[in-house]
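Down below is the structure, laid out as structure tokens.
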Amino acid sequence: MIVKTGILTEMLSNIVSGKIEVVDMSQTLNENTPVIQLPEPFKNTGGFKFRQLSKYDEDGPFFYWNDFVAGEHCGTHFDAPVHWLSGKGKDSVDTMPLKNMIGEACVIDIREQSRANPDYCLSIKDIQKFEEEQGTIPKHSWVIIHTGWGEYVSDHEKFYNVGEDGQPHTPGISKEASIFLAEERDILGVGVETVGTDAGIAGSFDPPFPNHHYMHGANKYGLAQLTNVDKLPPRGAVLVVNPLKIEGGSGSPVRVIALVEKV
């Protein structure tokens with residue numbers, strides 16, 4: 001019998017051998033996982049809540065299982081276009097094309113700017129600098145904004161970074177950069193380490209939360225609260241993003257993995 005091999009067989013072999021590293025880019029879900037907080041009068045998404053049903057006891061002597069409740073935008077999560085008014089009628093998590101769950105990761109490092117100014121927003125100049133060094137951002141890719149904010153996930157005070165003005169001060173992406181990436185580069189979407197894909201103060205921008213407005217209006221996606229971004233190269237990693245198939249869902253907690261070729 002001849003065993004047929006091909007590209008997928010070779011990739012699997014490289015994963016098993018460790019030539020391709022599988023990087024977990026998701027936060028652990030528990031009741032301490034940070035969740036985005038909106039000001040009144042807006043309603044907030046719920047956090048993660050866990051209820052044990054049985055654990056090899058009188059409620060189930062042979063098995064361990066649990067119930068959980070979680071908001072669609074809890075922990076490391078996926079934003080579908082229908083999440084925003086500008087994306088009304090566009091993709092939800094159950095209607096998005098399956099091929100859009102897989103794409104190259106283009107990682108733009110703005111850690112230095114974010115340390116100097118926590119309100120810093122990725123600019124077109126940052127994108128141009130990246131492309132001068134790494135080549136043009138390809139269609140059907142994820143742009144991951146590396147701010148270093150993933151370091152603060154266990155320290156809620158630093159992660160939310162609420163100032164004396166009562167506003168969260170976390171980095172994001174400028175209106176101009178969002179439009180450029182959605183329209184000129186036709187990417188899948190953007191991913192961030194912060195609690196949302198816009199800057200903390202983006203509610204004061206015009207329009208409010210411009211990345212949500214322009215990305216979702218262009219039927220593009222968002223990833224928030226990513227971890228281990230520092231383990232990715234600027235180009236070449238493959239991102240696998242699988243939201244739950246929630247009917248009409250505006251988003252979903254997600255287990256994001258990256259496939260990284262070891263040099």
Side-chain angles (χ1 to χ4, degrees), residues 1-30 33 75-80 93 96-112 114 122 126-154 171 173 181 185-194 197 215 220-245 251-263:
M1 179 179 176
I2 299 174
V3 179
K4 188 175 181 180
T5 61
I7 296 172
L8 293 179
T9 306
E10 182 180 356
M11 181 182 73
L12 181 58
S13 176
N14 287 332
I15 290 172
V16 173
S17 70
K19 290 181 180 178
I20 295 176
E21 181 182 7
V22 182
V23 177
D24 187 355
M25 300 191 67
S26 301
Q27 295 176 7
T28 300
L29 279 173
N30 57 43
T33 302
T76 302
H77 64 272
F78 180 90
D79 288 350
V93 289
M96 63 180 293
L98 290 177
K99 68 178 182 180
N100 289 359
M101 296 180 183
I102 303 171
E104 182 183 351
C106 296
V107 183
I108 304 180
D109 189 342
I110 57 167
R111 284 176 292 176
E112 184 177 343
S114 300
L122 180 80
D126 294 320
I127 298 169
Q128 291 171 335
K129 183 176 183 294
F130 173 85
E131 292 190 326
E132 287 171 3
E133 298 171 353
Q134 304 296 334
T136 301
I137 294 169
K139 180 180 178 179
H140 196 92
S141 61
W142 284 96
V143 169
I144 308 301
I145 305 171
H146 189 13
T147 60
W149 231 253
E151 300 174 13
Y152 307 143
V153 66
S154 298
I173 178 171
L181 290 172
R185 293 296 179 265
D186 196 17
I187 64 170
L188 289 172
V190 297
V192 300
E193 297 164 275
T194 51
T197 59
M215 280 289 163
K220 308 299 183 184
Y221 315 123
L223 290 172
Q225 294 181 232
L226 294 172
T227 64
N228 291 325
V229 174
D230 59 312
K231 295 184 178 180
L232 271 57
R235 289 284 307 272
V238 174
L239 219 59
V240 182
V241 178
N242 289 313
L244 297 173
K245 195 174 181 179
S252 166
V254 65
R255 186 75 176 264
V256 179
I257 63 170
L259 304 179
V260 180
E261 184 177 359
K262 284 193 173 180
V263 179

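Keep in mind that this is a model prediction, so the values were computed, not measured.
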Checklist entry - Where do L232 and V23 come nearest, in terms of heavy atoms and distance? => result CD1-CG1, 4.3 Å
Item to check | Interatomic spacing from OG1 in T197 to CG in L223 - rounded to 0.5 Å | outcome: 9.0 Å
Checklist entry - Stepwise, does the salt bridge (Lys or Arg N to Asp or Glu O under 4.0 Å) test hold for E151 with R111? => result CA-CA 11 Å; E151 300 174 13; R111 284 176 292 176; 5.6 Å; no
Next on the checklist: I want to check something: taking the side chain as every heavy atom from C-beta on, are H146 and S114 in contact at a cut-off of under 4.5 Å?
Outcome noted: no
Next on the checklist: So L181 and I173, do their side chains get closer than 4.5 Å, heavy atoms only?
Outcome noted: yes
Item to check | Rounded distance (nearest 0.5 Å) linking atom OG1 of T136 with atom CD of E131 | outcome: 5.0 Å
Checklist entry - Roughly how far apart are L8 CG and S13 OG, rounded to 0.5 Å? => result 12.5 Å
Item to check | Shortest non-hydrogen contact between E104 and P138, atoms and distance | outcome: OE1-CG, 3.5 Å
Checklist entry - So which heavy atom on Y221 is nearest to which on M96, and how close? => result OH-CB, 3.7 Å
Item to check | Any residue meeting side-chain contact (heavy atoms from CB on, under 4.5 Å) with F130, in chain and number order, not counting sequence neighbours | outcome: C106, I108, Q134, I137, P234, R235
Item to check | Closest contact, heavy atoms only, V229 versus L226 | outcome: CG2-CB, 4.1 Å
Item to check | Derivation and outcome, side-chain contact (heavy atoms from CB on, under 4.5 Å), residues M11 and I7 | outcome: CA-CA 6 Å; M11 181 182 73; I7 296 172; 5.5 Å; no
Checklist entry - Shortest non-hydrogen contact from W142 to G191? => result CE3-N, 4.5 Å
Checklist entry - How many angstroms lie between atom CD1 of I102 and atom CG of N242, to the nearest 0.5 angstrom? => result 7.5 Å
Checklist entry - Are L188 and M101 side-chain neighbours, meaning at least one heavy-atom pair lies under 4.5 Å? => result no
Next on the checklist: Nearest 0.5 Å, please: how far is NE2 in H140 from CD1 in I187?
Outcome noted: 11.5 Å
Checklist entry - Under 3.5 Å, side chain of T227 to main-chain N/O of G150, donor-acceptor pair present? => result no
Checklist outcome for this item: NZ (K129) and CD1 (I127) are apart, to the nearest 0.5 Å, by 13.0 Å
Next on the checklist: More than 12 heavy atoms of other residues, nucleotides or ligands under 6.0 Å from CD of E21: yes or no?
Outcome noted: yes
Checklist outcome for this item: Closest non-hydrogen atoms of F78 and V93, given as atom of the first, atom of the second and distance, are CD2-CG1, 3.8 Å
Next on the checklist: Donor-acceptor pair, distance only, cut-off 3.5 Å: does the side chain of E193 make one with the backbone of T147?
Outcome noted: yes
Donor-acceptor pairs under 3.5 Å, side chain of residues 253-263 to any protein atom, not counting sequence neighbours: which ones?
from	atom 1	to	atom 2	distance (Å)
R255	NE	D24	OD1	3.3
R255	NE	D24	OD2	3.2
R255	NH2	D24	OD2	3.0

Item to check | T76 side chain to S26 backbone, donor-acceptor under 3.5 Å | outcome: no
